[in-house]
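Working notes, beginning with the structure itself.
Numbers for residues simply follow the sequence, beginning at 1.
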Amino acid sequence: MRVAITGCNGQLGMSLVSLLSRHADVTPLSHSEIEITDLESVDSRLDECRPDIVINTAAYNAVDRAEEELQAAFGVNAAGPMLLSRYCQSRGVTLVHVSTDYVFSGYDRSATSSPKTRATPYEEEDCPDPPCVYALSKYAGEQLVRKNCERHFVVRTCGLYGHAAVIRDDRGNFVETMLRLGQQRDEIGVVNDQLCTPSFVDDVAEAVAELIKTQKYGTYHVTNSGETTWHGFATEIFRLTNMNVTVNPITTVEFGAAATRPVYSVLDGHRLAEATGKELPHWSDALARYLALRSELKN
């Protein structure tokens with residue numbers, strides 16, 4: 001099996017390359033090696049590696065900047081997936097496209113004229129209502145993949161964190177940001193009114209690897225299990241690392257981000273379990289494993 005992975009230098013991309021390379025012929029494709037928004041680049045580069053499966057983890061993830069950079073966001077998150085899906089359809093290739101929990105706002109808009117916060121995990125069939133430009137661009141990408149490629153997997157996930165951030169020594173995920181701030185401050189404020197499921201990329205990658213074996217195409221929710229707020233996640237990070245940091249709960253309004261975030265974006269993973277026979281571990285277990293492996297990498 002030949003697999004091409006776009007966005008290979010990202011957290012999920014790196015994990016997928018490492019995992020799938022054990023059993024498949026994997027071609028990692030960074031932004032410098034393929035421009036997914038350019039038709040000629042897509043066709044020529046993918047024709048060189050002749051993949052059976054393309055996994056698209058490339059994305060415009062600057063959620064707040066997307067409010068001003070609409071063209072860039074829709075270029076990478078919508079036009080890129082469209083070109084990839086057309087390529088895959090024309091050559092009988094399977095496409096795995098990674099999307100986001102942000103396609104849901106967290107509000108039950110059908111209940112009353114005054115929307116209520118949702119309280120049950122979203123299933124794949126639930127109707128998206130993207131709350132910001134980034135979310136709109138990702139939802140557009142999903143729709144274009146479904147329209148243009150029969151053999152597709154749309155994989156929605158949430159709050160990804162992985163060891164690529166440790167290896168590169170950058171600030172690329174929430175866990176690393178909290179650990180850095182915890183070394184600088186005795187007290188921090190973290191949003192406590194957004195419920196979601198932060199997910200370890202190694203677990204997500206393993207689920208994707210199982211999913212592509214099934215040929216049960218469609219949309220899947222792939223996250224760790226359980227739910228928490230970013231405040232709850234930060235509190236557990238500091239507990240597991242024995243860092244004496246006071247984590248104060250703040251509201252989304254107090255945080256003051258430019259883009260609207262979902263107030264509730266927990267995803268139901270039953271369809272993945274039915275297709276693969278496997279469920280992803282609880283988010284707290286995933287975090288503990290991430291931190292243990294992080295310590296090994298640091299040493």
Quick one, T219 with R271, criterion side chain to side chain donor-acceptor pair (under 3.5 Å). Give me CA distance, side-chain angles, the key distance, then yes/no. CA-CA 9 Å; T219 301; R271 189 164 185 237; 5.4 Å; no
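- Residue R50 qualifies as open at atom CZ: its count of foreign heavy atoms under 6.0 Å is 12 or below.
- The backbone N or O of T120 lies less than 3.5 Å from a partner atom in the side chain of R118, making a donor-acceptor pair.
- Using a 30° and 60° split on the angle between ring planes, F153 and Y220 fall in the tilted class, from 30° to 60°.
- Hydrophobic clustering, with ILVMFWY side chains joined whenever heavy atoms are under 4.5 angstrom apart, keeps V26 apart from L19.
- With respect to the salt-bridge test (charged N to carboxylate O, under 4.0 angstrom), the residues E176 and R294 qualify.
- Looking at W283 and T228, their side chains come closer than 4.5 Å, going by heavy atoms from C-beta outward.
- Here the side chains of Y139 and L136 are not in contact, with every heavy-atom distance at 4.5 Å or above.
- In summary, the side chains of Y217 and R151 do present a donor paired with an acceptor at a separation below 3.5 Å, with no hydrogens or angles considered.
- If you take CG on L29 and CD on E35, they are separated by 12.0 Å, rounding to the nearest 0.5 Å.
- Contact annotation: the side chain of I188 approaches that of M178 to within less than 4.5 Å [non-hydrogen atoms, C-beta and beyond].
- Taking the six-membered ring where the residue is Trp, F104 and Y122 present parallel rings, their angle staying beneath 30° rather than reaching 60°.
- In this structure, the side chain of S137 does not engage the main chain of F74 through any donor-acceptor pair within 3.5 Å.
- Taking both residues in full, the closest heavy atoms of P81 and L95 are given as O-CD2, 4.4 Å, listed atom of the first, atom of the second, then distance.
- To the nearest 0.5 Å, atom CD of residue E40 and atom CZ of residue R45 are 13.5 Å apart.
- For the residue pair D47 / Y87, a side-chain donor-acceptor distance below 3.5 Å is found, with atom types taken as modelled.
- Within the 4.5 Å cutoff, the side chain of V266 has heavy atoms near those of the Y264 side chain.
- A salt bridge is defined here as a Lys NZ or Arg NE, NH1 or NH2 lying under 4.0 Å from an Asp or Glu carboxylate O, and D64 with R261 meets this definition.
- More than 12 heavy-atom neighbours from other residues, nucleotides or ligands sit within 6.0 angstrom of CD on E274.
- In this structure, the side chains of N192 and T251 stay at 4.5 Å or more apart for every pair of heavy atoms.
- Applying the 6.0 Å contact sphere to CD of E254 captures more than 12 heavy atoms from other residues, nucleotides or ligands.
- A tilted orientation is assigned to the rings of W230 and F174, their planes being inclined by 30° to 60°.
- Note on L46 and V98: separate hydrophobic clusters, where clusters join Ile, Leu, Val, Met, Phe, Trp and Tyr whose side-chain heavy atoms are under 4.5 Å apart, directly or indirectly.
- The closest donor-acceptor contact from the side chain of S21 to the backbone of S18 lies at 3.5 Å or more, if one exists at all.
- Other residues, nucleotides and ligands place no more than 12 heavy atoms under 6.0 Å from the CD atom of E68.
- Looking at E142 and S99, their side chains do bring a donor and an acceptor atom within 3.5 Å of each other.
- Note on R289 versus D203: salt bridge recorded, some NZ/NE/NH1/NH2 to OD/OE distance being below 4.0 Å.
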Show your working on side chain to side chain donor-acceptor pair (under 3.5 Å) between N224 and T197 and close with a plain yes or no. CA-CA 6 Å; N224 285 114; T197 309; over 6 Å; no
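- For the pair L291/L293, no side-chain contact is recorded, criterion being any heavy-atom separation below 4.5 Å from C-beta on.
- One finds the CE atom of M14 at 7.0 Å from the CG atom of N9 (value rounded to the nearest 0.5 Å).
- Side-chain contact check for L12 versus I55: every heavy-atom pair is 4.5 Å or farther apart.
- Side-chain atoms of C196 and P198, non-hydrogen and from C-beta on, do get closer than 4.5 Å to each other.
- For the residue pair D202/S15, the side-chain donor-acceptor check at 3.5 Å is satisfied.
- With rounding to the nearest 0.5 Å, the separation of CD in Q194 from OG1 in T229 is 9.0 Å.
- From L267, atom CG reaches atom NE2 of H221 across 5.0 Å, with rounding to the nearest 0.5 Å.
- Distance OG1/T6 to CG/N56: 3.5 Å, rounded to 0.5 Å.
- A donor-acceptor pair is defined here as one N or O able to donate and one able to accept, closer than 3.5 Å; such a pair exists between the side chain of T57 and the backbone of G7.
- In the displayed structure, F255 atom CZ is contacted under 6.0 Å by at most 12 heavy atoms of other residues, nucleotides or ligands.
- Side-chain N or O atoms of D193 include one that pairs as donor or acceptor with a backbone N or O of T252 at under 3.5 Å.
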Worked check of ring pair (Phe, Tyr, Trp, His ring centres under 6.0 Å) between Y134 and Y60: CA-CA 8 Å; Y134 162 75; Y60 179 103; 7.7 Å; no
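- The environment of CD in E125 is crowded: more than 12 heavy-atom neighbours from other residues, nucleotides or ligands sit within 6.0 Å.
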